[in-house]
Amino acid sequence: AAKRARLLSETPDEGVMQLLGAATAQLGELEESRRIFQDLTTAFPENPANWVNLEVICTQLGDMDGVTDAFDGELIALAAQGASEAQIAARQIAISRTYRDRPQPVDTARRIIAMRTPEADIDSYEAAAAVLFNAGLIAEAHCAYEHVLSLSPERLSAQLGLGFILLIEGNDIQKGWELTQARYLTRASEYLMPPVHLTKDRSSTLHVYSEQGLGDVIMFARFLPMLKARADKLIFHVQPALAPLFTTNPHIDRLEAHPYAPTAVGATDDWLPLLATPMALGLNRQDYKFSKPYLSVPEERRRQWGEWV
């Protein structure tokens with residue numbers, strides 16, 4: 001504190017003070033670091049970097065009011081430096097995605113989408129689309145994602161966003177499933193390549209591997225009878241926690257208690273992720289109606305729960 005006061009009493013050197021603030025933060029002295037960056041925003045309020053550093057320290061301290069004040073100061077500094085409206089709006093959206101408890105800047109997102117100028121880059125457009133989606137404005141988000149993909153058709157994250165929207169809307173379910181396959185390319189290390197490998201109408205051996213959360217696997221297990229109907233042998237790879245639920249499933253020929261793609265398959269084997277089933281089989285809306293239970297609890301588990309309850 002004494003060193004900080006001495007430095008500030010002299011002609012303040014912004015670079016030195018920034019280094020001092022960063023160094024004290026590295027040493028775990030967050031309160032002291034916050035005071036240094038607060039002093040910097042007072043002495044050099046026109047530098048957005050000082051406000052950003054203050055945002056980071058306040059976040060680490062759990063001071064969300066301080067984060068909000070620093071964020072407002074950053075936007076003022078950006079405007080003072082001549083940043084365009086598009087640049088400022090993009091920064092507002094970036095902050096909203098970092099601090100989820102902040103209100104979604106819907107008006108800002110709409111302004112970015114309306115600009116459609118070189119100033120508002122494609123990252124800003126996609127961030128704006130995500131804001132609209134998170135705010136439940138599905139129709140607007142749909143248009144926004146389509147605009148992003150018109151600028152960059154191969155953008156995987158935008159394909160995924162539009163795919164989810166199409167599934168929610170229910171008007172083009174097959175295209176929605178096709179677009180959501182982009183997730184396999186964004187996490188390629190977890191999957192066999194290509195992630196879906198169906199070479200013929202009927203498979204001699206079909207590996208079906210689980211992905212996502214446990215609840216997703218339980219819901220999509222309803223498609224196992226359809227998959228078994230096109231395979232002589234169905235091998236199901238599932239998370240260990242769910243394995244007991246599938247031990248007596250009549251549609252599974254072999255159960256492997258590990259998720260994600262199998263590491264080795266036969267030369268003529270086929271495979272696909274469980275959640276890709278609707279896309280791979282080209283299912284229509286009427287195919288999602290089921291009249292019979294597709295899972296049953298093993299009798300031993302029923303007995304155990306009966307004793308506990």
- Test log, rule side chain to side chain contact (heavy atoms under 4.5 Å, CB included), inputs T277 and M226: CA-CA 9 Å; T277 302; M226 296 181 186; 5.6 Å; no
- Query: Can you check side chain to side chain contact (heavy atoms under 4.5 Å, CB included) on L283 and F223, steps first, answer last?
  - Reply: CA-CA 10 Å; L283 301 183; F223 299 118; 3.4 Å; yes
- Message: Could you walk me through whether I138 and F133 satisfy the side chain to side chain contact (heavy atoms under 4.5 Å, CB included) test, starting with their C-alpha distance in whole Å, then the side-chain angles of each, then the deciding distance to 0.1 Å, before giving a yes or no?
- Response: CA-CA 6 Å; I138 303 302; F133 178 83; 3.9 Å; yes
- Message: Between D13 and M17, does the side chain to side chain contact (heavy atoms under 4.5 Å, CB included) criterion hold? Intermediate values first, please.
- Response: CA-CA 6 Å; D13 184 299; M17 294 304 297; 5.7 Å; no
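Between the side chain of S150 and the backbone N or O of H147, at least one donor-acceptor pair lies under 3.5 Å. Between the side chain of T42 and the backbone N or O of Q38 there is at least one donor-acceptor pair closer than 3.5 Å. Judged by distance alone, with hydrogens and angles left aside, the side-chain atoms of R254 form no donor-acceptor pair with the main-chain N or O of H237 at under 3.5 Å. With hydrogens and angles disregarded, a donor-acceptor distance shorter than 3.5 Å links the side chain of T24 to the backbone of L20. Under a 3.5 Å cut-off, the side chain of T68 and the backbone N or O of M64 do form a donor-acceptor pair.
Note that the CG atom of L179 and the CG atom of L149 stand 7.5 Å from one another [nearest 0.5 Å]. If you take OG1 on T205 and CG on D269, they are separated by 4.5 Å, rounding to the nearest 0.5 Å. With rounding to the nearest 0.5 Å, the separation of CG in L224 from CG in L274 is 6.0 Å. If you take CD on E46 and OG1 on T41, they are separated by 10.5 Å, rounding to the nearest 0.5 Å. Taken to the nearest 0.5 Å, the CD atom of Q181 stands 12.0 Å off from the CG atom of L156. Note that CD of E211 is 9.5 Å distant from CD of Q239, once rounded to the nearest 0.5 Å.
When every heavy atom of V238 is checked against every heavy atom of S210, the shortest pair comes out as CA-OG, 3.3 Å. Among all heavy-atom pairs drawn from A182 and Q159, the shortest one is CB-OE1, 3.8 Å. Across all non-hydrogen atoms, the minimal contact from H142 to L166 is CE1-CD2, 3.7 Å. Residue S157 comes nearest to E126 through the heavy atom pair OG-OE2, 2.6 Å, listed as atom of the first residue, atom of the second, then distance. For the residue pair L206 and R230, the shortest heavy atom distance occurs at CD2-NH1, 4.5 Å. For P240 against A257, the heavy-atom pair with the smallest separation is CG-O, 3.4 Å.
Take A129 and apply the side-chain contact (heavy atoms from CB on, under 4.5 Å) test, not counting sequence neighbours, and it matches A144, Y145. Taking D69 as the reference, nothing meets the side-chain contact (heavy atoms from CB on, under 4.5 Å) condition, with sequence neighbours excluded. Among residues two or more places apart in sequence or in another chain, the side-chain contact (heavy atoms from CB on, under 4.5 Å) test is passed with Q18 by E14, L40, N47, N50. Applying the side chain to side chain donor-acceptor pair (under 3.5 Å) criterion to R302, with sequence neighbours excluded, gives no partner residue. D253 is linked by a side chain to side chain donor-acceptor pair (under 3.5 Å) to K228, counting only residues two or more places apart in sequence or in another chain.
Using a 4.0 Å cut-off between a side-chain N of Lys or Arg and a carboxylate O of Asp or Glu, R35 and E32 qualify as a salt bridge. Using a 4.0 Å cut-off between a side-chain N of Lys or Arg and a carboxylate O of Asp or Glu, E31 and R34 qualify as a salt bridge.
Tracing side-chain contacts under 4.5 Å through hydrophobic residues (I, L, V, M, F, W, Y), one reaches I36 starting from L61; they form part of the same cluster. Taking hydrophobic clusters as Ile, Leu, Val, Met, Phe, Trp and Tyr residues chained together by side-chain heavy-atom distances below 4.5 Å, L295 shares a cluster with L214. L242 and I235 are assigned to two separate hydrophobic clusters, defined by single-linkage of ILVMFWY side chains at heavy-atom distances under 4.5 Å. Connection of F246 to L275 is established within a shared hydrophobic cluster, with ILVMFWY side chains joined at heavy-atom distances below 4.5 Å, either directly or through further cluster members. By the rule that hydrophobic residues join a cluster once side-chain heavy atoms approach within less than 4.5 Å of another member, M219 and L227 end up as members of one cluster.
Identified under the ring pair (Phe, Tyr, Trp, His ring centres under 6.0 Å) test for residues 152-177, with sequence neighbours left out: W177-F220.
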